[in-house]
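Here is the structure we will look at.
In what follows, every heavy atom counts, from backbone to side chain, and hydrogens, waters and symmetry copies are set aside. The structure presented is a predicted model; accordingly, all values stated were derived computationally and were not measured.
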Amino acid sequence: MRHNRRLRWAAVPIAATLSFLLAGCTQAQLHGFLPGFQEGEPPVTNHTERVAGLWVTSWIVLLVVGVITWGLTIWAVIAYRRRRGQTGLPVQLRYNMPIEVFYTIVPLILVVGFFAFTARDQAAIEERFAADDVDVKIEVIAKQWAWDFNYVNEDVYSPGIQAQLDRDAADGSIIESELPTLVLPVDANIEIALESRDVIHSFWVVDFLYKKDMFPGKTNYMSITTEREGTYVGKCAELCGEYHSLMLFNVEVVSQAEYEDYIQSLEDAGQTGQLSTEYDRNQNLPGKGAPESNEEHDAE
């Protein structure tokens, strides 16, 4: 009884200290210093909070397990160290059933728990919007080493080139104004179709805390709701060749009025219609029509 009372009194200051520390944390600290959060502002997308929660909670659980493991290891090293004057081996213990059950069941619970929460969040993140709920449809086409953006509903497009190095800058920085830019309206349900013209790429917007691979001949989808205006860095996250590091882009989340102005600017520039994946270098590989071309050439 006295032991339980001591534990209770010890728990009170510990809980108070944790509450005080957490209350003073910024948004960045509460979310594990991950990008995508600003003090007093909503997350960038509807999935950002979920991804950060899964990440931070997993690390907290793993840290607790690590502290317990390190503590027990250090305690065993100190408590069972060889004392002066001792010789031979200490008493050997085997077949401690409670301990064996403990270190079998607890890791199993942790693995099942991690899997369950990850599967739950993954299912929510990967769920596509119903057709009637989509406000804006975007098609992103990756190519070595840049990005093309089709605005499907508005039937306009924006072609991109790979990042250009600023020759006048001593640090070898890039020209930001020439990066491909995907413009999205805020507070809108966005469906992004992801295509590749050549090799495997990966569409990654850092502040979205979300990326997805792009495969030739296969369409992947991202469904997000934009919640905060701003400019966010994007890049290819799959090693795709010599200039992979220059396969950069930006995402600008703007007001609906600014979005409409941008679409109008694309129309005024004559960029109407849709770019396609029709040009695919993989069609030139052996077995993809080359023999027929050779036969025609020989016949001529």
Side-chain angles (χ1 to χ4, degrees), residues 26-52 54-56 125 136 138-151 157-169 171-188 190-196 199-214 220-255 258-259 262 266:
T26 64
Q27 284 292 318
Q29 292 168 336
L30 287 173
H31 293 95
F33 296 97
L34 292 173
F37 299 94
Q38 286 185 4
E39 197 67 34
E41 297 287 342
V44 178
T45 76
N46 59 320
H47 297 317
T48 310
E49 184 86 40
R50 183 185 298 274
V51 175
L54 181 63
W55 175 263
V56 173
I125 293 170
V136 176
I138 303 291
E139 183 183 32
V140 177
I141 303 175
K143 58 188 180 183
Q144 290 177 314
W145 288 271
W147 310 84
D148 292 336
F149 303 123
N150 284 329
Y151 297 84
Y157 66 88
S158 173
I161 60 174
Q162 72 187 53
Q164 300 296 301
L165 296 177
D166 188 348
R167 304 298 180 183
D168 297 328
D171 58 356
S173 58
I174 61 174
I175 304 175
E176 285 285 339
S177 60
E178 295 188 12
L179 288 180
T181 300
L182 175 61
V183 179
L184 302 174
V186 72
D187 296 324
I190 315 290
E191 181 177 79
I192 304 176
L194 302 171
E195 312 272 3
S196 173
V199 299
I200 299 176
H201 299 281
S202 187
F203 183 80
W204 180 29
V205 183
V206 178
D207 288 80
F208 288 8
L209 302 184
Y210 185 37
K211 68 182 180 69
K212 183 166 284 189
D213 286 349
M214 311 165 79
N220 282 335
Y221 293 92
M222 292 175 60
S223 294
I224 60 172
T225 301
T226 50
E227 297 186 349
R228 173 155 57 86
E229 294 183 28
T231 300
Y232 307 106
V233 173
K235 58 185 71 178
C236 177
E238 187 78 27
L239 183 59
C240 58
E242 183 177 5
Y243 296 103
H244 163 72
S245 62
L246 296 178
M247 194 168 171
L248 309 175
F249 66 99
N250 285 325
V251 174
E252 290 186 6
V253 180
V254 299
S255 67
E258 290 176 295
Y259 176 74
Y262 177 73
L266 295 180

Working to the nearest 0.5 Å, report the span between [atom1] of [X] and [atom2] of [Y].
| X | Y | atom1 | atom2 | value |
| --- | --- | --- | --- | --- |
| Q162 | L179 | CD | CG | 11.0 Å |
| I125 | T48 | CD1 | OG1 | 9.0 Å |
| E238 | K211 | CD | NZ | 7.0 Å |
| H47 | L209 | NE2 | CG | 11.5 Å |
| N250 | S177 | CG | OG | 10.5 Å |
| L184 | I190 | CG | CD1 | 5.0 Å |

Looking at [X] and [Y], what are the two nearest heavy atoms and their distance?
| X | Y | result |
| --- | --- | --- |
| E227 | D187 | CA-OD1, 4.1 Å |
| M247 | K143 | CE-O, 3.3 Å |
| C240 | W145 | O-NE1, 3.3 Å |
| T226 | V253 | CB-CG1, 3.9 Å |
| S158 | Y151 | CB-CE1, 4.3 Å |
| V199 | Q144 | CG2-NE2, 3.7 Å |

Donor-acceptor contact present, side-chain [X] to main-chain [Y], <3.5 Å:
| X | Y | answer |
| --- | --- | --- |
| T225 | T45 | no |
| D213 | I200 | no |
| Y210 | D207 | no |

Heavy-atom check, side chain of [X] versus side chain of [Y], under 4.5 Å:
| X | Y | answer |
| --- | --- | --- |
| E258 | V183 | no |
| V140 | F149 | yes |
| V251 | F208 | yes |
| D148 | P180 | no |
| F249 | V205 | yes |
| V254 | Y262 | no |
| K212 | F203 | no |

